[in-house]
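Each remark here refers to the structure printed beneath this line.
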Amino acid sequence: MNGREAKHLKALYFDLCVKDLEKYYSPANPRGAYRKIHDYLLQRQFSHEQYSGYHSQYKTTDLEIFDLIYEMNKEFPWLGHCLNHFEVTNVGANHDLMQLFDKPFQEPKNA
């Protein structure tokens, strides 16, 4: 490799503490913070997967993700006070398993 960091699709996962959101974000609408983060990440080409999980729609480096999160933290000064967990990981191959559910399944007789 020529000294450059490899680019990968990335997944972000986080967990927020609602009690801290009530204190640092909004006592009336603490869960509104999830919408702010959602909108922020969608505007930056991430897709919402489920709950607090987002996937990049482009290949990127860890350093670029760190920069993104640094900017997000500046935009949302309450965020660092409310996090229980925040992680990034490379996204590997995704395999659609829906075809496994297409065939009728018979319940065992002794179930």
Can you give the donor-acceptor pairs under 3.5 Å from side chains of residues 75-82 to other protein atoms, not counting sequence neighbours?
none

Return a table of donor-acceptor pairs under 3.5 angstrom between the side chains of residues 12-23 and protein atoms on other chains or two or more places apart.
residue	atom	partner	partner atom	Å
Y13	OH	H55	NE2	3.3
D15	OD2	N84	ND2	3.1

Could you go through residues 29-36 and list every donor-acceptor pair under 3.5 Å that involves a side-chain atom there, pairing it with any protein atom two or more places apart or in another chain?
residue	atom	partner	partner atom	Å
N29	OD1	G32	N	3.4
R35	NH1	H38	NE2	3.2

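Closest of all the heavy-atom pairs between M72 and I37 is SD-CG2, 4.3 Å.
Counting heavy atoms from C-beta outward, L68 and Y40 have side chains that approach closer than 4.5 Å. The side-chain heavy atoms of D62 and H8, taken from C-beta on, include no pair separated by under 4.5 Å.
The distance from the CD atom of E5 to the OG1 atom of T60 is 8.0 Å, given to the nearest 0.5 Å. Atom NZ of K7 sits about 13.5 Å away from atom CG of N90, to the nearest 0.5 Å. A distance of 10.0 Å separates CZ of R44 from CG of D39, quoted to the nearest 0.5 Å.
Side chain of Q45 to main chain of S56: no donor-acceptor pair is present (N/O by atom type, distance under 3.5 Å, no hydrogens or angles). Checking side-chain atoms of E64 against main-chain N and O of T61 turns up a donor-acceptor pair under 3.5 Å.
Checked against side chain to side chain donor-acceptor pair (under 3.5 Å), T89 has no partners two or more places apart in sequence or in another chain. The salt bridge (Lys or Arg N to Asp or Glu O under 4.0 Å) check on E71 picks up K74, with sequence neighbours excluded.
Side-chain contacts under 4.5 Å among hydrophobic residues (ILVMFWY), followed directly or transitively, place L9 together with V91.
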